[in-house]
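All remarks here apply to the structure that follows.
Residue indices begin at 1 and follow the sequence shown.
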Amino acid sequence: MMTERLITPTELRQHHYCPRVVFFERCTPVRRRETVLMTHGREKHQAELKRERRRTLARYALAEGERRYDVRLTNVALGLTGELDLLIVNGDVAYPVEFKHTARPPDPGHKLQLCAYALLVEAELGLHCPHGLWHSSRTRQTHEIVFDTRLRNRTRAAVQIINEFIVAERCPPPTPQTNKCLECELRNFCGDTL
């Protein structure tokens, strides 16, 4: 598998939101323009990472661990590459951490994204990831995401599905939840939604 075909954990989340987001990014010359919400989210994300450096691990129910920020990982066999916000390492166990600026709890797309990071950590760093941590900067709640066999299999399957439509340059069907299309920056390119 060529490195340009590697899928990012973020693309797994986007694919869950709407499969066409990744298609337009990877297979067409369409470039997404950053919306106000995207800019705001990125700024909040950076501010949260700055604050994180001053905090204890208590919010993660961990007594100790080494924090590693902006961990870049690539594994061709998994078909994945990405940069993890934070990895907490305690001996041979690691906990990937993702920060999101939302009031909603983690959805299945967020879980796929975090699990993809766990698979990368295990493959590249040889550490065991029993669960990850998903933190909302809006609600200040941290959710534990268990990386069970079912989630791991769903994550691997999603990577394969995305790769198949990228290689075939085949546009996947749109999300069945058309309310998502109302604020989508790619809506004008779909043609068969709304």
Side-chain angles (χ1 to χ4, degrees), residues 5-49 79-86 96-119 131-148 150-194:
R5 283 198 19 225
L6 297 179
I7 304 303
T8 67
T10 300
E11 287 174 322
L12 288 171
R13 179 180 45 80
Q14 291 170 332
H15 181 262
H16 180 268
Y17 185 80
C18 177
R20 288 193 171 176
V21 172
V22 179
F23 171 78
F24 283 119
E25 285 268 317
R26 290 291 193 107
C27 300
T28 69
V30 171
R31 292 293 168 243
R32 295 168 66 194
R33 58 183 174 78
E34 190 167 274
T35 66
V36 173
L37 287 175
M38 293 164 93
T39 303
H40 182 70
R42 188 174 28 78
E43 290 168 355
K44 290 293 186 184
H45 186 84
Q46 291 305 316
E48 186 65 26
L49 280 173
L80 289 167
T81 187
E83 188 171 303
L84 177 60
D85 291 341
L86 171 63
V97 182
E98 266 295 298
F99 298 98
K100 298 295 180 193
H101 186 66
T102 180
R104 296 185 197 127
D107 66 25
H110 292 121
K111 293 175 183 179
L112 290 172
Q113 179 183 21
L114 199 54
C115 186
Y117 283 123
L119 294 174
H131 67 268
L133 302 152
W134 187 94
H135 180 75
S136 166
S137 59
R138 272 202 178 159
T139 65
R140 301 279 180 230
Q141 292 181 318
T142 300
H143 299 263
E144 182 179 293
I145 309 299
V146 176
F147 302 131
D148 59 16
R150 183 171 181 224
L151 180 56
R152 289 168 182 269
N153 289 341
R154 282 184 50 232
T155 303
R156 287 184 186 100
V159 170
Q160 184 175 345
I161 289 167
I162 294 170
N163 248 318
E164 287 171 2
F165 78 71
I166 289 172
V167 169
E169 294 187 2
R170 183 185 77 248
C171 186
T175 178
Q177 300 169 328
T178 55
N179 60 320
K180 291 179 178 179
C181 302
L182 295 173
E183 294 184 13
C184 180
E185 67 276 13
L186 296 169
R187 167 172 119 186
N188 293 338
F189 303 103
C190 279
D192 59 352
T193 59
L194 293 183

Kindly give the heavy-atom pair with the smallest separation between [X] and [Y], and that separation in Å.
| X | Y | answer |
| --- | --- | --- |
| P173 | R20 | C-NE, 3.8 Å |
| G82 | P9 | CA-CD, 4.0 Å |
| H16 | P108 | NE2-CB, 3.5 Å |
| K111 | P106 | CE-O, 4.0 Å |

Tell me, do [X] and [Y] make a side-chain contact under 4.5 Å, heavy atoms counted?
| X | Y | value |
| --- | --- | --- |
| E11 | V159 | no |
| L151 | V146 | no |
| P172 | H15 | no |
| I7 | V22 | no |

Distance (rounded to the nearest 0.5 Å) between [X] [atom1] and [Y] [atom2]:
| X | Y | atom1 | atom2 | value |
| --- | --- | --- | --- | --- |
| K100 | H110 | NZ | NE2 | 5.0 Å |
| L114 | R13 | CG | CZ | 11.5 Å |
| L133 | F99 | CG | CZ | 9.0 Å |
| L80 | Y117 | CG | OH | 9.5 Å |
| E169 | F23 | CD | CZ | 7.5 Å |
| T102 | H135 | OG1 | NE2 | 12.0 Å |

Do R152 side-chain atoms and F147 backbone N/O form a donor-acceptor pair below 3.5 Å?
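Indeed, once roles are kept as given, a pair shorter than 3.5 Å links the two residues.
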Before giving the answer on side-chain contact (heavy atoms from CB on, under 4.5 Å), spell out for Q14 and T8 the whole-Å C-alpha distance, their side-chain angles and the decisive distance to 0.1 Å.
CA-CA 10 Å; Q14 291 170 332; T8 67; 5.7 Å; no
With side-chain contact (heavy atoms from CB on, under 4.5 Å) as the test, would you mind laying out the steps for E98 and L84 before giving the verdict?
CA-CA 7 Å; E98 266 295 298; L84 177 60; 4.1 Å; yes
